There are 2 protein chains.
Amino acid sequence: MSSKLFNPAATIKDVAAQAGVSVMTVSNVLRGRGRVSEETRRRVLETAERQGYRPNLTARALVERKAPTLALMLSCITNPFYPEFALAANLQALKHERHLLVCNTDHEPDRGTGFLEQVAGSLSDGVLVANNADLPIDELRALQERGIPVVISVWERPDEPPGIPCVTFDSEGAGRLAAQHLVEYGHRRIGAIVGSPKHGIHGGRYAGFREVVRAAKIRQSTADERFTEDSFEHGYEAAKDLLSARPDLTAIFVSNDLPALGVLNAASDLGFSVPGGLSVVSITDIIPARQSRPGLTTVAIPTAEMAEKGVNLLVELMAGRATEATVVHTSAPKLVVRGSTARLR
Amino acid sequence: MSSKLFNPAATIKDVAAQAGVSVMTVSNVLRGRGRVSEETRRRVLETAERQGYRPNLTARALVERKAPTLALMLSCITNPFYPEFALAANLQALKHERHLLVCNTDHEPDRGTGFLEQVAGSLSDGVLVANNADLPIDELRALQERGIPVVISVWERPDEPPGIPCVTFDSEGAGRLAAQHLVEYGHRRIGAIVGSPKHGIHGGRYAGFREVVRAAKIRQSTADERFTEDSFEHGYEAAKDLLSARPDLTAIFVSNDLPALGVLNAASDLGFSVPGGLSVVSITDIIPARQSRPGLTTVAIPTAEMAEKGVNLLVELMAGRATEATVVHTSAPKLVVRGSTARLR
DNA sequence: TTGAAAGCGCTAACAT
DNA sequence: ATGTTAGCGCTTTCAA
């Protein structure tokens with residue numbers, strides 16, 4: 001029963017009862033729908049306020065068949081790329097009145113599967129996938145076939161769409177910019193450390209790099225390259241290995257900032273001075289890239305833009321205004337020169 | 001209508017109809033409740049599988065009056081402390097079959113308010129608050145009075161509980177360990193950079209530091225101290241200011257890792273060699289602390305443990321097994337010596 | 001301008 | 001062992 005006073009568990013019925021109107025009128029007033037007399041409006045608003053009424057989003061979601069959340073799937077929030085992405089996605093989702101449900105799939109494919117099984121299409125209307133490696137493409141497609149909107153929000157291959165709507169960026173262009181920078185600085189003995197297999201997630205970045213190197217008539221052998229995983233530690237180890245084997249390198253291209261920071265440390269531990277004795281360039285421009293000493297020269301990719309466009313695409317998809325073949329492009333990558341690269345002299 | 005085949009929008013009714021049983025039996029089979037014959041069980045499971053049925057968590061939540069999510073409120077996921085916290089909280093929440101809803105309140109008190117208003121008690125059963133500064137205590141208390149479980153999961157003052165259930169750690173002890181380390185290494189001219197006002201969030205850490213410094217009969221003047229904000233950039237600026245004014249300092253205590261990393265950079269930019277010319281110690285032990293060069297000597301606080309215990313406390317609270325006065329303590333902070341400190345010689 | 005009835009998909013309580 | 005009834009809190013018809 002409704003009381004005159006504050007009611008911590010007030011439902012729409014309580015408000016209606018006390019305001020002396022029907023639940024429908026309360027609903028209309030609160031959502032600004034329908035026609036309600038100013039007088040009634042005020043009384044309802046007042047009553048709701050007094051009782052401390054707040055609509056139950058779960059009930060609303062059930063009847064509207066529309067969840068108030070978006071699911072964000074990423075491999076590990078501890079990788080500094082993801083917080084930056086998640087923040088932008090969160091803010092954009094809010095603009096569409098959605099909250100963000102986060103899933104860390106890290107090293108546990110089951111976790112992602114379970115999450116999608118449970119959440120997608122019931123708790124969340126759609127899924128934004130930011131995983132770089134280990135994309136569970138088949139499961140995503142299965143979801144899609146169920147009619148659940150899915151967006152891959154960091155797709156690295158603009159020319160090879162995944163059959164799932166995606167937001168992409170020019171990863172080859174990024175690789176080219178990084179390589180061009182080294183070439184322009186006069187480097188001819190350039191190593192490469194890639195945070196994936198040759199044709200894996202960083203394949204585009206690597207291809208761009210190779211294209212420029214080849215055009216500059218620079219000899220590149222597999223001895224100058226290391227394909228590893230996309231982490232600080234793997235970058236560190238790969239650099240130790242590479243620099244020990246090829247101490248004559250004057251520059252290293254790294255496919256991603258996080259391993260590049262590891263490369264910087266490895267160089268320092270091996271006694272290479274950066275950028276005096278060794279230049280390092282990479283791709284992404286995460287926050288720690290500008291906090292290292294020296295600062296990391298890198299090619300910035302439009303992280304926040306991808307997050308925002310990913311959320312927008314998801315919303316479009318839910319409204320039926322986008323298809324499985326939709327590919328959203330983003331701004332061109334941009335070179336950011338900091339202290340880790342220097343002209344060869 | 002139910003069909004023999006896969007049905008992307010299958011409800012429990014569809015499964016029941018096709019399996020030739022009541023919805024209740026399906027519900028029981030799927031949740032392993034009640035008594036169901038093996039024969040029926042198999043048929044139901046098979047039908048559900050074939051139709052691709054997945055329970056609607058929203059509907060379940062509504063009728064069970066139990067939300068499938070926990071809300072995590074933090075100031076900015078971009079601060080590397082929070083991803084580490086959020087990951088542990090996420091995993092622990094999963095153990096209680098809850099997903100995590102994330103809210104970045106950063107610099108937008110309204111955002112936090114709006115989030116809590118909407119989410120707490122409707123989409124989420126409870127709220128885990130990890131904000132360090134700017135705690136909206138009044139709002140949290142208001143939620144609590146509504147019967148919504150709220151837990152402050154990183155409380156720095158074990159002796160001054162906030163009137164809201166919390167997880168705390170020995171911040172003074174952490175400050176003492178950091179200071180003791182410097183004193184044992186022979187430092188007598190020690191500066192302090194604190195990421196909050198004197199009696200703000202890092203007040204406990206600072207008090208611990210001061211206690212040891214005073215006991216060691218070291219003179220400390222306000223000229224050796226800087227109170228600033230808890231960020232990389234503020235740490236950098238404060239250190240530049242402090243080191244310019246007091247270049248004779250041989251060590252600096254910083255209340256948190258993130259500003260301490262800024263301090264390391266400032267020292268480097270001013271030509272101080274760390275640890276040769278200046279030792280730096282701080283508190284927390286975030287991942288970047290071990291990735292810097294030199295590695296940051298710091299006092300590790302039990303971040304993951306606080307996240308886990310925070311989630312557990314929330315669950316206890318929801319079950320009525322904890323009260324507003326509950327204070328959960330965590331393991332003692334522990335010194336981690338890396339390369340940023342050296343014995344004075 | 002307002003209200004009554006129906007039902008979103010599910011489960012609790014009570015039959016049978 | 002299985003089914004029926006009722007209803008979670010809300011919104012969507014449709015009627016008054």
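Here is how names work: the chains are called A, B, and so on, in the same order as the sequence lines, proteins then strands, and each is numbered from 1. Every value quoted in this text rests on a predicted model; they were computed, and no experiment measured them.
- Fit an axis to the five pairs at each end of the helix from C:dT1-D:dA16 to C:dT16-D:dA1 and the two axes sit 40° apart, to the nearest 10 degrees.
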Residue pair A:Asp230, A:Phe81: steps toward the side chain to side chain contact (heavy atoms under 4.5 Å, CB included) verdict: CA-CA 11 Å; A:Asp230 184 27; A:Phe81 174 77; over 6 Å; no
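- The side chain of B:Ser22 places no N or O atom within less than 4.0 Å of a non-bridging phosphate oxygen (OP1 or OP2) of D:dT2.
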Letter per nucleotide, 5' to 3', of nucleotides 9-16 of chain D [B base touched, S only sugar-phosphate touched, - untouched; heavy atoms, 4.0 Å]: BBBB----
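- Taking atom CG of B:Asp125 as the reference point, atom P of D:dC8 lies 18 Å away to the nearest angstrom.
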Pairs of donor and acceptor atoms involving the side chains of residues 34-42 of chain B, under 3.5 Å and at least two apart or interchain, shall be tabulated with distances.
| residue | atom | partner | partner atom | Å |
| --- | --- | --- | --- | --- |
| B:Ser37 | OG | B:Thr40 | N | 3.1 |
| B:Ser37 | OG | B:Thr40 | OG1 | 2.7 |
| B:Glu39 | OE2 | B:Arg43 | NH1 | 3.1 |

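- Atom CD of B:Glu117 sits in a crowded spot, with more than 12 heavy atoms from other residues, nucleotides or ligands closer than 6.0 Å.
- Using a 4.0 Å cut-off between charged side-chain N and carboxylate O, A:Glu305 and A:Lys309 make a salt bridge.
- In this structure, the side chains of A:Met24 and A:Arg33 stay at 4.5 Å or more apart for every pair of heavy atoms.
- Rounding to whole angstrom units, CG of residue A:Asp14 and C1' of D:dC8 are separated by 13 Å.
- Screening A:Val311, A:Val328, A:Thr330 against A:Met306 for a side-chain contact (heavy atoms from CB on, under 4.5 Å) leaves a single residue, A:Thr330.
- B:Tyr82 meets the ring-ring contact (aromatic ring centres under 6.0 Å, His included) test with no other residue; sequence neighbours excluded.
- Considering B:Leu317, B:Thr323, B:Val327 in turn, B:Leu317 is the only one that fulfils the side-chain contact (heavy atoms from CB on, under 4.5 Å) rule with B:Pro165.
- Side-chain N/O atoms of B:Thr40 include one lying less than 4.0 angstrom from OP1 or OP2 on D:dT2.
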What donor-acceptor contacts under 3.5 angstrom involve side-chain atoms of residues 87-96 of chain A, with partners at least two apart or in another chain?
| residue | atom | partner | partner atom | Å |
| --- | --- | --- | --- | --- |
| A:Asn90 | OD1 | B:Asn104 | ND2 | 2.9 |
| A:Gln92 | NE2 | A:Asn312 | OD1 | 2.8 |
| A:His96 | NE2 | A:Asn312 | OD1 | 3.0 |

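- When ring centroids are compared, A:His99 and B:Phe115 come within the 6.0 Å threshold.
- The footprint of chain B on DNA chain C, defined by a heavy-atom cutoff below 4.0 Å, extends from C:dC8 to C:dA13.
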